[in-house]
Amino acid sequence: MASLKPVSTSLPKYGVGSQPFTVFIEGNIGSGKTTFIEHFKKFEDKVCAIAEPVDKWRNFKGHNLLELMYIDPDRWAMPFQSYVMLTMLERHTQITDKPIKILERSLYSAKYCFVENLHKSGLIHDGMYEILKQWYNYVEDITHVQADLIVYLRTTPEVVYERIRKRARSEEACVPLEYIKQLHELHEDWLIRNRVGHNIKVLEIEADLDLSEIDREYKRSESVITATMQQQTQRPAVTASPSKRSDYLG
Ligand SMILES: Nc1ncnc2c1ncn2[C@@H]1O[C@H](COP(=O)(O)OP(=O)(O)O)[C@@H](O)[C@H]1O
Ligand SMILES: Nc1nc2c(ncn2[C@H]2C[C@H](O)[C@@H](COP(=O)(O)O)O2)c(=O)[nH]1
């Protein structure tokens with residue numbers, strides 16, 4: 001059978017020019033991403049804030065895929081990851097008329113942290129891993145993923161482990177500290193050591209700070225988001241019309 005031709009690099013990607021300045025909020029489980037995004041809801045006239053679709057994962061046509069992934073990863077980690085990819089891609093391509101889009105997590109944390117960890121831990125077979133990687137490569141070949149800034153809620157595993165226990169999400173009841181440590185190192189490889197060689201600006205937030213002290217970090221991130229947007233609008237707008245970039249926080 002003739003081999004499929006590779007996707008032509010000359011074809012325009014789906015979604016080019018359709019997305020505004022886009023920020024990913026990344027961090028370990030329990031690092032405070034949802035709480036951080038709630039803080040930005042007060043800028044709702046300028047910010048389209050999109051939470052991670054955990055509810056979709058916990059009830060997909062009556063199936064709790066998140067729970068199935070945790071209790072039977074050999075069987076359910078792969079289908080769970082494929083549904084994560086679908087739901088995250090829906091968010092990356094979601095249209096908004098607001099000048100700033102803030103996403104909780106991204107295709108990239110699923111790829112570089114969770115899928116990597118499942119494979120390193122032997123919870124997904126090499127064949128499954130290769131299928132998922134090929135899906136990621138194809139999706140990135142044909143779809144424009146707007147990524148202008150990553151806000152990394154940097155934490156220590158022990159701190160977030162306690163937060164997860166207090167939050168007491170039933171599906172996470174059996175998550176061991178070792179799993180959180182593995183995810184921490186993969187976030188550090190990706191966002192601090194830049195082992196994947198991405199060129200997205202990363203803002204590191206001290207997310208171990210308690211709720212009573214972290215406000216200063218939220219304020220700092222507002223300033224960096226605004227400043228990064230201004231720097232970008234001084235360069236020719238490549239992937240979104242300048243009009244989408246005219247407004248700022250504040
Ligand atoms: N800075 C913080 N200090 C202490 N607890 C926090 C902080 N941020 C969030 N939490 C709490 O920790 C738990 C996880 O926060 P959440 O925002 O759901 O994290 P994520 O979305 O990253 O999993 C929640 O119970 C939340 O109330
Ligand atoms: N196996 C995977 N699990 C994932 C992925 N993305 C999120 N998750 C899990 C981790 C948590 O139990 C829950 C929500 O994450 P929070 O950090 O918001 O608490 O979903 C993934 O890609 N693979």
Side-chain angles (χ1 to χ4, degrees), residues 21-37 39-40 49-52 54 81 84-85 88 91-92 100-121 123-124 129 132-133 136-137 139-140 145-164 167 172 175-211 213-232:
F21 182 86
T22 300
V23 184
F24 301 156
I25 311 304
E26 298 284 3
N28 209 338
I29 303 172
S31 55
K33 300 180 296 298
T34 305
T35 307
F36 181 93
I37 283 189
H39 169 82
F40 280 85
I50 304 175
E52 196 177 33
V54 186
Q81 289 306 144
V84 167
M85 190 187 303
M88 296 315 287
R91 278 149 184 73
H92 284 295
I100 300 175
K101 192 172 175 184
I102 295 184
L103 291 178
E104 183 179 0
R105 283 229 174 92
S106 64
L107 273 175
Y108 299 125
S109 35
K111 175 181 179 181
Y112 294 127
C113 301
F114 289 95
V115 170
E116 277 306 310
N117 191 48
L118 286 166
H119 184 238
K120 283 181 176 208
S121 316
L123 292 173
I124 58 172
Y129 177 63
L132 287 170
K133 280 202 301 183
Y136 277 112
N137 292 341
V139 162
E140 289 171 61
V145 177
Q146 186 80 27
D148 297 293
L149 175 68
I150 294 176
V151 177
Y152 175 31
L153 303 189
R154 197 177 188 195
T155 52
T156 47
E158 292 72 12
V159 169
V160 294
Y161 186 67
E162 278 314 304
R163 290 180 189 172
I164 294 166
R167 178 174 66 184
E172 297 163 353
V175 170
L177 175 59
E178 184 52 34
Y179 180 66
I180 302 301
K181 287 180 176 177
Q182 291 162 0
L183 286 174
H184 172 72
E185 286 310 318
L186 286 162
H187 277 85
E188 295 283 294
D189 283 347
W190 171 37
L191 297 173
I192 301 294
R193 304 174 193 122
N194 196 5
R195 295 239 164 102
V196 303
H198 69 79
N199 61 356
I200 307 170
K201 180 175 178 175
V202 177
L203 168 64
E204 189 190 318
I205 294 289
E206 293 175 55
D208 274 352
L209 289 172
D210 206 65
L211 285 170
E213 305 169 277
I214 202 164
D215 216 49
R216 69 170 188 262
E217 287 291 274
Y218 287 173
K219 291 281 181 206
R220 188 164 68 90
S221 59
E222 287 172 34
S223 312
V224 174
I225 289 170
T226 299
T228 308
M229 241 182 116
Q230 284 170 324
Q231 287 160 9
Q232 299 238 4

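Values below: every heavy atom of this structure, side chains too, minus hydrogens, waters and symmetry copies. Since the model is a prediction, treat every value here as computed from it, not as a measurement.
In this structure, the side chains of E185 and N117 stay at 4.5 Å or more apart for every pair of heavy atoms. A 4.5 Å side-chain heavy-atom check between K181 and Y161 finds every atom pair outside the cut-off. Inter-residue side-chain proximity for V202 and W190 is flagged as unmet; no heavy-atom pair is nearer than 4.5 Å. Counting heavy atoms from C-beta on, the side chains of R105 and F114 come closer than 4.5 Å. A 4.5 Å side-chain heavy-atom check between V151 and V23 finds at least one atom pair inside the cut-off. Side-chain contact between R91 and E104: absent, with no pair of heavy atoms (C-beta onward) separated by less than 4.5 Å.
Here the CD-CG distance, from E217 to L209, works out to 6.0 Å after rounding to the nearest 0.5 Å. The OG1 atom of T35 sits 9.5 Å away from atom CG of L153, with the distance rounded to the nearest 0.5 Å. The distance from the CD1 atom of I205 to the CD atom of E26 is 13.5 Å, given to the nearest 0.5 Å. Rounding to the nearest 0.5 Å gives a distance of 13.0 Å between NE2 of H187 and OH of Y112. Atom OH of Y179 sits about 9.0 Å away from atom CD of E172, to the nearest 0.5 Å. Rounded to the nearest 0.5 Å, atoms CG (L149) and CG (L203) are 6.0 Å apart.
A pairwise comparison of heavy atoms in S31 and R163 identifies O-NH1, 3.2 Å as the closest pair. Scanning all heavy atoms of the two residues, the minimum distance from C113 to L186 falls at O-CD1, 3.2 Å. Annotation for I37 and L103: closest pair CD1-C, 4.1 Å, computed over non-hydrogen atoms. Closest heavy-atom contact between L107 and H92: N-NE2, 3.0 Å. In terms of heavy-atom proximity, K201 sits nearest to Q231 at NZ-OE1, 4.1 Å. For the residue pair I200 and A147, the shortest heavy atom distance occurs at CD1-CB, 3.7 Å.
Paired with T156 under the rule side-chain contact (heavy atoms from CB on, under 4.5 Å), one option of D208, N28, I180 passes, and it is D208.
Among residues two or more places apart in sequence or in another chain, the salt bridge (charged side-chain N to carboxylate O under 4.0 Å, His left out) test is passed with R154 by E188, E204. Under the side chain to side chain donor-acceptor pair (under 3.5 Å) criterion, E206 pairs with no residue, sequence neighbours left out.
Judged purely by atom type and a 3.5 angstrom limit, K101 has no side-chain atom pairing as donor or acceptor with the backbone of I50. Side chain of D189 to main chain of R193: no donor-acceptor pair is present (N/O by atom type, distance under 3.5 Å, no hydrogens or angles).
Ion pairing between a basic and an acidic side chain is recognised when a charged N comes within 4.0 Å of a carboxylate O; E140 and K111 show such pairing.
Note on ring orientation: taking the six-membered ring where Trp is involved, the planes of F36 and F40 are tilted (angle from 30° to 60°). Note on ring orientation: taking the six-membered ring where Trp is involved, the planes of F24 and Y108 are tilted (angle from 30° to 60°).
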Between L118 and Y129, is a side chain to side chain contact (heavy atoms under 4.5 Å, CB included) present by the stated rule, with each step listed? CA-CA 9 Å; L118 286 166; Y129 177 63; over 6 Å; no
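A donor-acceptor pair shorter than 3.5 Å cannot be found between the side chains of T34 and E52.
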